[in-house]
Amino acid sequence: VTELGRSGSDEWEALLSAERLADLIRDGDAAHDVSHMHRTWKNALAIHAGEGYVADLEIVRPAVFLHDLVSLPKNDRRRSTASRKSADQAVFLLRKHGFPSAKLCAVHHAIVAHSQSANVRPETLEARIVQDADRLDALGTVGLARAFFVAGTIGQLLFSTGAKIVSAENRIAPPTAMDHINMQLYRLARDMTTATGRRIATERLKPMSRYLSELAAELDGSDLSQVFAVDPRAVPNRRC
Ligand SMILES: [Fe+2]
């Protein structure tokens with residue numbers, strides 16, 4: 001196995017090619033397309049380096065490229081099951097294509113645990129890297145672009161029109177795109193599981209915070225709270 005987690009001529013390698021992935025991944029979802037897999041892999045390599053090059057990339061790499069085989073919309077009540085379905089499908093495909101069987105469980109766990117809505121704690125370094133790498137792609141300028149795309153697909157408002165929603169107990173998605181971004185700001189950096197992931201996340205929060213401040217200034221003077229409909233602390237983790 002090389003430094004990049006490639007083991008050479010194995011058939012399962014072909015599964016991770018851009019062409020095969022494009023066939024496997026849901027059409028029309030620009031927030032979870034092949035470019036998301038490539039950015040997540042780049043993030044994973046940066047975390048792997050920052051954490052001392054001790055993770056098994058032969059587990060991290062297939063988990064990264066196959067983690068969103070099943071991706072359900074943010075407002076779909078079955079969303080919490082998506083990462084387990086992705087993991088089952090990934091293991092089925094990897095086994096069929098000759099992936100080392102001793103590592104299948106580790107890949108399965110990393111895929112299940114990557115999702116915030118699954119609420120499964122990542123138990124291995126490889127799973128923590130996959131989770132942090134995926135979450136980093138929800139931050140920074142790319143994270144903003146993805147948030148607006150997702151908002152468009154589920155018919156969210158861009159920002160609060162004034163009516164405040166105090167209780168969010170039964171809500172399965174933030175009410176507006178800006179609330180989603182605010183929750184990413186509030187939670188994702190806090191919930192990073194590696195020191196390197198946290199460091200990169202902290203950098204990526206800066207353009208997001210700047211964006212929200214600029215937006216508030218443009219809309220209403222400078223009161224940032226007017227932009228949001230919910231307090232991110234009021235929304236249970238498992239629901240978003
Ligand atoms: Fe993802």
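As the structure is a prediction and not an experimental result, all values here were calculated from the model. Whatever order the structure lists them in is the order used to number ligands and atoms, beginning at 1.
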Decide yes or no on side-chain hydrogen bond (donor to acceptor under 3.5 Å, both in side chains) for Thr196 and Thr194, but give the supporting numbers first. CA-CA 5 Å; Thr196 309; Thr194 64; 5.1 Å; no
Between Glu13 and Arg20, does the salt bridge (charged side-chain N to carboxylate O under 4.0 Å, His left out) criterion hold? Intermediate values first, please. CA-CA 10 Å; Glu13 290 284 349; Arg20 289 297 302 279; over 6 Å; no
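- Within the 2.8 Å limit, His32 places no N, O or S atom next to the Fe ion (ligand 1).
- The Fe ion (ligand 1) has Asp134 among its coordinating residues (N/O/S atom, backbone or side chain, under 2.8 Å).
- Of the angles at the Fe ion (ligand 1), the one spanning OD2 of Asp68 and NE2 of His36 is 90° when given to 10°.
- The closest side-chain donor-acceptor pair between Arg198 and Thr202, if any, does not fall under 3.5 angstrom.
- Side-chain contact between His108 and Arg84 is present, with heavy atoms from C-beta onward closer than 4.5 Å.
- Counting backbone and side-chain atoms alike, His67 contributes an N/O/S atom closer than 2.8 Å to the Fe ion (ligand 1).
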